[in-house]
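What follows is a set of notes on a single structure, which appears directly below.
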Amino acid sequence: MQEALAASFENVTKVFSRGLFGRGGVVALRDVSLSILSGEVFGLVGLNRSGKTILVKTLLSICRPTSGRIGRLGRDWRDRSTLARVGYVHESQAFPPYLTAARLLQYYGALSRQPASRIRRRGKELLERVGLADRSREAIGRFSKGMLQRLALAQSLVNDPELLVLDEPSEGMDLAARRLFHDVIRQRKKQGRSAILVSHDLSDIERLCDRVAVLRGGTVAFVGSVAQLKNEFGADQSSPAGDSSFEEALEPFYAGARH
Amino acid sequence: MTTVIWLIRDTFRQSLASGVFWILLAVTLMATALCLSMRVEATSSPTAAGPDALVVGHRITNDAAQSRQLDQEDAAGHLTVAYGAIRIPLARDVRNTVKFLELILAGGVADTLGVLLTLVWTAGFLPGFLDRRSVSVLLAKPAPRWMLLAGKYAGVLAFVLFHAMLFVGLTWLAIGSRTGIWDAAYLYSIPLLLLHFSVFFSVSLLLAVLTRSTVVCVFGTIVFWFIAWGMNYGRHVLAIQAQVAPSGRFSVAMNAVVDVGYWVLPKPADFGMILYDSLGAKNFFGSAFDMTALAAHGFSLWLSVLTSLAFAAYMLFASAQRFSTIDY
């Protein structure tokens with residue numbers, strides 16, 4: 001596994017045991033192979049239960065793959081030290097409601113092995129950036145969903161990660177927060193930082209991602225740029241890329257017409 | 001180490017937010033206030049049946065009025081509670097009375113009722129921490145999973161240690177200031193309370209990892225405590241009975257099962273005996289079991305503590321092992 005890869009999946013399969021003595025199994029990922037380059041913003045799209053979240057969870061060691069190899073920042077997924085260089089926004093995170101926003105960033109920053117002085121400085125900057133500086137001393141339990149999403153974004157950036165994994169980050173965000181989130185991704189991309197974006201919001205994926213993978217039933221059905229996807233699978237394939245919509249191009253995958 | 005320190009701090013914040021901190025503090029303050037309201041009015045030496053006396057009177061009469069009169073005559077003094085509102089006649093001198101109070105506070109309030117209630121009140125800490133939505137982000141941090149679990153366990157123990165120190169320390173100061181007797185042996189109950197709690201909280205930890213359910217943790221741990229206590233107490237009863245009547249009513253198989261159960265499970269009744277022993281209470285109130293008879297059956301306080309700790313270590317290991325393989 002090379003350092004030039006932010007993440008790599010080689011024939012990854014994940015089966016969840018079910019039933020008595022784990023005899024029955026649900027296949028969440030089936031022989032997935034993918035590579036995400038350093039500095040790339042990579043999108044994962046697919047219907048519910050297509051395996052997007054499980055794929056990123058295996059990358060983050062939250063789930064263990066049943067078979068296959070996973071690389072994270074040039075190391076095997078079992079090497080947890082690389083997680084200090086990764087940021088993560090969970091699809092429906094529940095932060096301890098008794099913590100304040102400032103304390104949460106200090107706590108999670110410390111768990112990411114960041115020096116205390118750096119966390120304090122960076123925490124202030126991040127809360128300023130996500131528009132929560134004036135609420136930094138307030139208990140998180142009082143925050144709205146949109147505010148929690150902003151805080152989740154700040155939390156994921158507290159260790160200035162090389163790889164940012166965002167699972168449905170813009171859900172519940174207002175227009176200003178969404179613009180902020182786009183700015184953060186673009187700025188990081190300029191700095192050569194990688195990101196993996198899991199979203200049902202196709203406009204986010206289209207605007208931000210260099211490449212995209214379409215997952216269906218735990219398998220990778222397509223990998224390439226959005227333009228390529230539109231060219232190959234869009235409704236009007238004779239016209240130049242961009243004429244057909246992203247949604248139309250995904251229709252064959254969602255309808256099960258194409259593998 | 002930073003991870004563990006932050007998890008300990010987080011546990012204290014969790015206890016403040018959930019109100020458990022304030023409940024325990026209120027219990028401590030009430031016990032302290034009660035101790036501050038007490039006064040022992042006694043002669044310097046006991047008058048009744050000597051230091052082993054548990055009852056006030058030792059003369060027998062069928063006349064109730066005469067009985068009350070005799071009790072008053074036998075009493076060496078009085079214990080007053082709530083600044084004199086309640087007056088209890090005593091057959092003990094001041095030192096014995098202080099021992100008696102300490103035994104009630106450490107053995108009854110803190111070691112039995114306190115440990116059980118604290119197990120109930122802290123049972124929600126781990127399921128809350130291990131909730132799928134909140135723990136996922138923590139699992140994506142570089143700290144190994146076992147360290148997250150160990151840190152949270154250490155956090156709850158630190159929290160209980162803090163409150164045990166507060167309870168024992170403040171009641172010790174209150175009793176000392178009211179009676180002038182400063183019994184350092186009472187302070188030994190702090191590590192013993194922590195030991196008792198830590199062993200049974202390891203069961204709560206395993207249940208939390210397996211089920212993430214507060215209800216299961218509460219009931220599972222309490223039911224387990226009673227099973228362990230029953231096995232512990234039952235084994236000692238059988239041992240004493242075998243000494244008294246060697247032919248015995250119980251089969252060899254039954255004795256063997258109880259013996260195995262006793263050595264495998266933690267031993268809450270023994271913790272009580274250790275506490276009783278450390279307070280020097282046997283010099284004043286006698287002993288629940290004939291220790292010589294128990295010793296003849298292989299009983300040793302050290303072995304009891306070590307096997308209980310071994311049980312807790314196994315619970316911690318099993319919890320960490322299971323936690324490291326769970327998909328969130």
Side-chain angles (χ1 to χ4, degrees), chain A residues 14-17 28 53-54 56-66 72 78-100 103-104 106-116 119 139-141 148 151-152 155-156 158-159 161 163 165 167, chain B residues 1-23 122 124-152 154-156 159 209-210 212 214 320-328:
Chain A
K14 175 66 191 173
V15 181
F16 286 101
S17 301
T53 295
I54 298 297
V56 296
K57 282 187 172 179
T58 57
L59 176 66
L60 296 166
S61 305
I62 298 170
C63 274
R64 296 148 53 96
T66 307
R72 183 176 57 224
R78 290 176 195 86
D79 181 353
R80 296 187 70 90
S81 67
T82 49
L83 287 169
R85 297 187 278 147
V86 175
Y88 174 46
V89 173
H90 188 267
E91 59 180 327
S92 55
Q93 75 283 324
F95 295 129
Y98 46 86
L99 291 179
T100 63
R103 279 261 186 264
L104 181 97
Q106 285 173 18
Y107 178 23
Y108 283 30
L111 294 188
S112 293
R113 296 182 180 165
Q114 300 295 303
I119 298 169
I140 294 168
L148 284 173
L151 183 61
Q155 175 279 131
S156 70
V158 75
N159 55 339
L163 170 63
V165 180
D167 195 351
Chain B
M1 198 58 199
T2 314
T3 302
V4 174
I5 290 168
W6 271 95
L7 287 165
I8 291 172
R9 290 169 74 170
D10 181 58
T11 308
F12 273 84
R13 289 196 186 105
Q14 194 179 2
S15 74
L16 286 165
S18 66
V20 174
F21 185 95
W22 303 113
I23 293 171
T122 54
F125 284 14
L126 282 160
F129 174 72
L130 296 173
D131 173 74
R132 194 179 290 274
R133 294 186 309 141
S134 56
V135 83
S136 289
V137 177
L138 296 180
L139 294 179
K141 303 288 178 193
R145 286 189 179 198
W146 67 262
M147 191 183 280
L148 292 175
L149 206 60
K152 201 65 190 172
V156 177
F159 168 73
V209 168
L210 292 176
R212 293 197 292 269
T214 303
Q321 192 77 4
R322 181 74 190 112
F323 187 51
S324 66
T325 59
I326 293 177
D327 290 322
Y328 279 89

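Note on naming: letters A, B, ... go to the chains in the order of the sequence lines (proteins, then strands), and numbering restarts at 1 for each one. Keep in mind that the numbers below use all heavy atoms, side chains included, and drop hydrogens, waters and symmetry copies.
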(request) Output the option from B:Val137, B:Thr2, B:Asp10 having the highest count of non-hydrogen pairs under 4.5 Å with chain A. (result) B:Asp10
Of all the heavy-atom pairs spanning [X] and [Y], show the shortest one and how long it is.
| X | Y | result |
| --- | --- | --- |
| B:Tyr328 | A:Cys63 | O-SG, 3.5 Å |
| B:Ala140 | A:Tyr88 | CB-CD2, 3.8 Å |
| B:Ala143 | A:Arg80 | O-NE, 3.1 Å |
| B:Asp131 | A:Ala94 | OD2-CB, 4.4 Å |

Under 4.5 Å heavy-atom distance to chain A, tell me which part of [X] shows up: side chain, backbone, both or neither.
| X | answer |
| --- | --- |
| B:Thr325 | both |
| B:Ser136 | both |
| B:Ser15 | neither |

Heavy-atom proximity to chain B below 4.5 Å, by part of [X]:
| X | value |
| --- | --- |
| A:Gln106 | both |
| A:Ser112 | both |
| A:Leu99 | side chain |

(message) Just verifying a value: how many Å separate B:Arg13 CZ and A:Thr100 OG1, rounded to the nearest 0.5 Å?
(response) 7.5 Å
(request) Would you give the length of the straight line joining atom CD of B:Gln14 to atom OH of A:Tyr98, rounded to the nearest 0.5 angstrom? (result) 4.0 Å
(request) Let me know which of B:Ile326, B:Leu139, B:Asp327 forms a side chain to side chain contact (heavy atoms under 4.5 Å, CB included) with A:Ile62. (result) B:Leu139
